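Structure, as structure tokens:
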There are 2 protein chains.
Amino acid sequence: MRVGELSKRSGVPVPTIKYYLREGLLPAGVLTSPNQAHYDDEHLRRLRLVRALVDVGGLSIAAVRDVLAAVDTRDDSLHNKLGAVQEAISQPGSVELDPLAVEDVQAFFARQGERECADVTESNVTHMLAAALSAARSVGHGHFRDLLDPYLEGLKIIAQADVEYIARQGSRDDVIEAMVIGTLIGDTVLKAVRRLAHAQVSRDVIGRVGNEPAAN
Amino acid sequence: MRVGELSKRSGVPVPTIKYYLREGLLPAGVLTSPNQAHYDDEHLRRLRLVRALVDVGGLSIAAVRDVLAAVDTRDDSLHNKLGAVQEAISQPGSVELDPLAVEDVQAFFARQGERECADVTESNVTHMLAAALSAARSVGHGHFRDLLDPYLEGLKIIAQADVEYIARQGSRDDVIEAMVIGTLIGDTVLKAVRRLAHAQVSRDVIGRVGNEPAAN
DNA sequence: CGCATATGGATAGTGTACCTTTCCGATAGC
DNA sequence: GCTATCGGAAAGGTACACTATCCATATGCG
């Protein structure tokens, strides 16, 4: 197909597709003449993936490029690829870390008996965690760290489901894409369902009229 | 204090504070002369909250304004306030909904025996859920909906911890702020811990060399 | 063949969001 | 009195994600 049909089938405007081609988010089509190129279903699939990452995952164009680069790297174990994808989709942010929050993270790691984690800032993921706890501290919620253990408990169930979902995929390529989709779209789904769970608990516990805590 | 000290104590540049004042994210200080104003610890606290919402929560200035408006509304039950805050922090996004994904959401609600949910788009939260499932479908992951139930199972533990954390707060104002912090910073913490859980499972299950699924 | 439409490629422009800079006259505080 | 800072307003700047324009060429229909 040519770019017009690619646009029609994906819902992405032609100029945007050209932009993605320029930015390296889509591989170039096969040139049949100096100004004619053919695109196939792989391009369509990739284009839809890009839109999912941008629209639902909220990734920047640069982050999408990093994710796709990690996905397309062939000479890596799945474990390494997961790590690369995770780094790519976890942009650092510009929050300065509170040393106490860093200690909280290290204590959390020690409690779980996991890796050494000498430097929290060496990974975007641990940096994100430390940054979030730092922000909580800055608004007087130093005890937010107490939620780490129950969070992990609930997330074990969720991560288990994630892994089973990924294992259900057929080819290695599908596994990798499911990893990306499952992580990023899963984040959004988790956010939404968590809010629904909050609303449910709120209705059950504090929603009854006249059953509120004393006013300040 | 005046704006200079507010800046020093919060780490936010003076022009940015002025910008937030213009945008209504911070209440004006008390004028002692036509061009002198005093700010107190409430301003500092609010400023740090704004930065936490922007830096960690990733909210836009407009969304922060909506959240603060919901927080500052006094004549509402806690349940209603939670709903207002949730709506404010869940921006719709521009994904068109797949009718099949909408059915998935409705089936999920029916399974949980919860509210009617006649219109999925009436709430930003359900819209976000339907949009995420729509995006999953667009990349060939229609079965992603199967994760909703295990997600909810894990999130029940997490939401329980959230509610207990909120209940631990003293005043009604603290409860409301803990709701905002807990929801938004909690999202980021959940994201980070989920990635750590993935990495842990990945190391245990598929990380061993030579123990990978067959190549495509 | 003729001709409107579409194409690939390059360059420039648009709109939004979030600040910064600059300016002003007035005030603080030594 | 003098310098730094202030509040307030307006203009400027930067980054990002497109979007529009242009051009020579190619397609495809009649």
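Note that the structure is a prediction, hence the values are computed from the model and not measured. So that the names make sense, note that chain A is the first sequence line, chain B the second, and so on, each numbered from 1.
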- Task: Would you please confirm or rule out a distance under 4.0 Å between OP1 or OP2 of D/dA17 and any side-chain N or O of A/Tyr20?
- Result: no

- Message: Side-chain N or O of A/Tyr19 versus OP1/OP2 of C/dG13: is the shortest distance under 4.0 Å?
- Response: no

Round to a whole Å and report the spacing from [atom1] of [X] to [atom2] of [N].
X	N	atom1	atom2	value
A/Leu6	C/dA6	CG	C1'	14 Å
A/Leu31	D/dT25	CG	C1'	13 Å
A/Ile17	D/dA20	CD1	C1'	16 Å
A/Leu53	D/dC16	CG	C1'	17 Å
B/Leu26	D/dG8	CG	C1'	15 Å
B/Leu59	C/dC18	CG	C1'	14 Å
A/Leu21	D/dT19	CG	C1'	15 Å
B/Met1	C/dA28	CE	C1'	17 Å

Which of the following nucleotides, [options], is nearest to the side chain of [X]?
X	options	answer
B/Thr16	D/dT27, D/dT19, C/dT20	C/dT20
A/Ala37	D/dG8, C/dA28, C/dG8	C/dG8
B/Arg22	D/dC18, C/dT7, D/dA9	D/dA9
A/Asn35	D/dA26, D/dC18, D/dT19	D/dA26
A/Gln36	C/dG9, D/dT27, C/dC18	D/dT27
B/Lys18	D/dG8, D/dT19, C/dC19	D/dG8

- Task: Considering non-hydrogen atoms only, spot the tightest contact between A/Met128 and B/Thr188 and give its length.
- Result: CG-CG2, 3.6 Å

- Task: Identify, between A/Ser33 and A/Pro15, the residue whose nearest nucleotide on DNA chain D lies closer to the 5' end.
- Result: A/Pro15

Just by modelled atom types, is the [Y] backbone N or O under 3.5 Å from a matching donor or acceptor in the [X] side chain?
X	Y	value
A/Ser134	A/Leu97	no
B/Arg195	B/Lys191	yes
B/Asn124	B/Glu87	yes

- Task: Measure distances between side-chain N and O atoms of A/Arg2 and base N and O atoms of C/dT5, and say whether any donor-acceptor pair falls under 3.5 Å.
- Result: no

- Query: Hey, are B/Asp72 and B/Arg46 close enough for a salt bridge, meaning a charged N less than 4.0 Å from a carboxylate O?
  - Reply: yes

